[in-house]
There are 2 protein chains.
Amino acid sequence: MARTDLAARGSTPRSNAGTKGVPRAEREQQILAVASLAFGTHGFAATNLSEVARDAGISKPLVYNYFGSKEGLYAACLDDAGALVGDEIERIARGDAVGIERGIRTLDGMFALLDGQRHLWRLLHDRTAPATGAIATVVRQHTERIDKLAHEGVTELLALAGDTDERDISVMTAAWLGIVDSLMDWWVAHPDETAAQMVERVTRLFTALLGDTAGVAR
Amino acid sequence: MARTDLAARGSTPRSNAGTKGVPRAEREQQILAVASLAFGTHGFAATNLSEVARDAGISKPLVYNYFGSKEGLYAACLDDAGALVGDEIERIARGDAVGIERGIRTLDGMFALLDGQRHLWRLLHDRTAPATGAIATVVRQHTERIDKLAHEGVTELLALAGDTDERDISVMTAAWLGIVDSLMDWWVAHPDETAAQMVERVTRLFTALLGDTAGVAR
DNA sequence: GCGATATGACTTCTGGGTAAGTTACCACGG
DNA sequence: CCGTGGTAACTTACCCAGAAGTCATATCGC
């Protein structure tokens, strides 16, 4: 009220500063959401913090006040996304599925988890992010965890199919992560497709291509 | 000689300008090679043209003289890489392989073609490149061609497996391109691995997972 | 000499980052 | 119920490094 009156009187245009009553924790979440989307969509290098601030409805210095730097903000986004994804993959890994079934269940979990924030997956694979410093540490931490779980699953799968060559496993792990990656991309490009539909599709495709044979223990 | 003498006399440091006898066409190829590596490795946004010029052993204005702008240079790199990859994929598509066999042969061709320039594949999938203008046109042109060929191969494959759903085909095409992508990445990360070894590995993995069944017509 | 090949030294502008100040909420004494 | 001072939330306006892009000029082959 008072502010509006003063602003309206307007001879000296009043500053727009001053708290809007949003507590720090909440504001940080808003910023993280906007920043994750931007980073995940355009990549680290091509993301502009002024735009992020504008999209979040605040000014740039507030972003810096809360996150310190562009790298700090990225690291925070990364940490959230990495923990979210890593926890879910680990939860499924602790289940009893093996072979292809484990793969399908993992995808299932990812679709459910990332519905509404499909871009998060991309954060972990950004080639334009600095390869040294704080970001690299966080990236390494999460990718190592996820890679290890994927490696474990692929090792099981290939063992069932009779292949125990370590480099074969490494290649197959990379291919598997590439599949997940591309499925997420496709999903981002087709926003009308629900998570449930994706699961159906993926299951159908796996079954069609791999049959019920090929080392699949259901 | 004369130049060295003059430079050595050195009270007024002479300009380093003047032709070095390298014809434009050759110089352009040198620049394209260096730029493709940089763009493919760091992405469009994170690539610095001063560095590209330095790595090519020339000065920045020469790059601008020959390619007009950063976008122009990128478009030129893209056009070379896209045509190279597209032509090879098309050549294989015109062969008689179908189903999984066609996939393996395509990978075979890519490994042979991109040996020594493994980063080229990345140019077509750079998220930090401008999504409008000349670059977008060139990207679209080549990705559409490659996607179409991949789509064609996947359609055949899935038809053999009894799936003709258009969206299933679309998803599977994306997954296939993701597999190629990740295999190239793995290859970049393991420079000691030869193209022949990659082909062996991939063949072994496909056989182990898909068996000789699953719609494979060899 | 002339045109192609080349460069040093600029200008411009984008975007990360900062200094300094403004406003609102809130706890607490009166 | 009313100041009132302290602190947290916020902004405007700026700095400046570094990268895109340009200009005038230099050298060499023919």
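Side-chain atoms are counted along with the backbone in the values below, which use heavy atoms only and exclude waters and symmetry mates. Note on naming: letters A, B, ... go to the chains in the order of the sequence lines (proteins, then strands), and numbering restarts at 1 for each one. No experiment lies behind these values; they were computed from the predicted model shown.
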May I ask you to verify if any side-chain N or O of [X] is less than 4.0 angstrom from the OP1 or OP2 atom of [N]?
X       : N      : value
A:Lys20 : D:dA9  : no
A:Thr19 : C:dA24 : no
A:Asn16 : C:dT22 : no
B:Arg27 : C:dA6  : yes

*If we ignore angles and hydrogens, is there a donor and acceptor under 3.5 Å between the side chains of B:Glu166 and B:His151?*
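Distance-only check passes for B:Glu166 and B:His151.
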
Whole-Å gap separating [atom2] ([N]) and [atom1] ([X]):
X        : N      : atom1 : atom2 : value
B:Lys70  : C:dT14 : NZ    : C1'   : 12 Å
B:Phe39  : D:dA19 : CZ    : C1'   : 13 Å
B:Arg54  : C:dG8  : CZ    : P     : 13 Å
A:Ile31  : D:dA9  : CD1   : P     : 11 Å
A:Ile135 : C:dG16 : CD1   : C1'   : 13 Å
A:Tyr64  : C:dG15 : OH    : P     : 12 Å
A:Asn48  : C:dC13 : CG    : C1'   : 13 Å
A:Asn65  : C:dA19 : CG    : P     : 12 Å

Is the side chain of [X] donor-acceptor paired with the backbone N or O of [Y] at a distance under 3.5 Å, no angle test?
X        : Y        : result
A:Gln197 : A:Thr194 : yes
A:Lys70  : A:Thr47  : yes
A:Thr137 : A:Gly133 : yes

*With a 4.0 Å cut-off on heavy atoms, is A:Leu49 in touch with a base, just the backbone sugar-phosphate, or nothing at all?*
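Since only primed, P, OP1 and OP2 atoms lie under 4.0 Å of A:Leu49, the category is sugar-phosphate.
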
*asked:* Within the 4.0 Å heavy-atom criterion, would you say B:Phe67 contacts the bases, only the backbone, or no part of the nucleic acid?
replied: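 Nothing: the residue B:Phe67, judged by heavy atoms under 4.0 Å, touches no strand.
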
*Just grab all the ring pair (Phe, Tyr, Trp, His ring centres under 6.0 Å) pairs involving residues 109-138 of chain B, residues at least two apart or on different chains.*
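Listed by first then second residue: B:Phe111-B:Trp187, B:Trp121-B:His125.
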
_A:Ser69 side chain, from C-beta outward: closest of D:dG21, C:dG17, C:dA6_ =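 Of the candidates, C:dG17 comes closest.
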
*Could you please name the option among D:dA19, C:dA6, C:dT7 that lies closest to any side-chain atom of B:Val22?*
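Looking only at side-chain atoms, B:Val22 lies closest to C:dA6.
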
*Please tell me which of A:Arg24 and B:Phe44 maps to the more 5' nucleotide of DNA chain D, matching each residue to the nucleotide holding its nearest heavy atom.*
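Counting from the 5' end, the first nearest nucleotide belongs to A:Arg24.
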
*B:Leu209 side chain reached by A:Asp163 side chain, heavy atoms, under 4.5 Å*: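 A side-chain contact is absent here, since even the closest heavy-atom pair is not under 4.5 Å.
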
*Check if the side chain of B:Lys60 and the base of D:dG21 share a donor-acceptor pair of N or O atoms closer than 3.5 Å.*
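Between D:dG21 and B:Lys60, which were checked side chain against base, a qualifying N/O pair under 3.5 Å is present.
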
*Compare every heavy atom of B:Asp168 with every heavy atom of B:Asp165, then report the nearest pair and how far apart it is.*
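Distance-wise, the nearest heavy atoms are OD1-N, 2.8 Å.
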
*Using 30° and 60° as the class limits, which term best fits the ring planes of B:Phe39 and B:Tyr74: parallel, tilted or perpendicular?*
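Rings of B:Phe39 and B:Tyr74: perpendicular, over 60°.
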
Name the pairs: protein N/O against N/O of nucleotides 15-17 of chain D, kept only if under 3.5 Å.
none

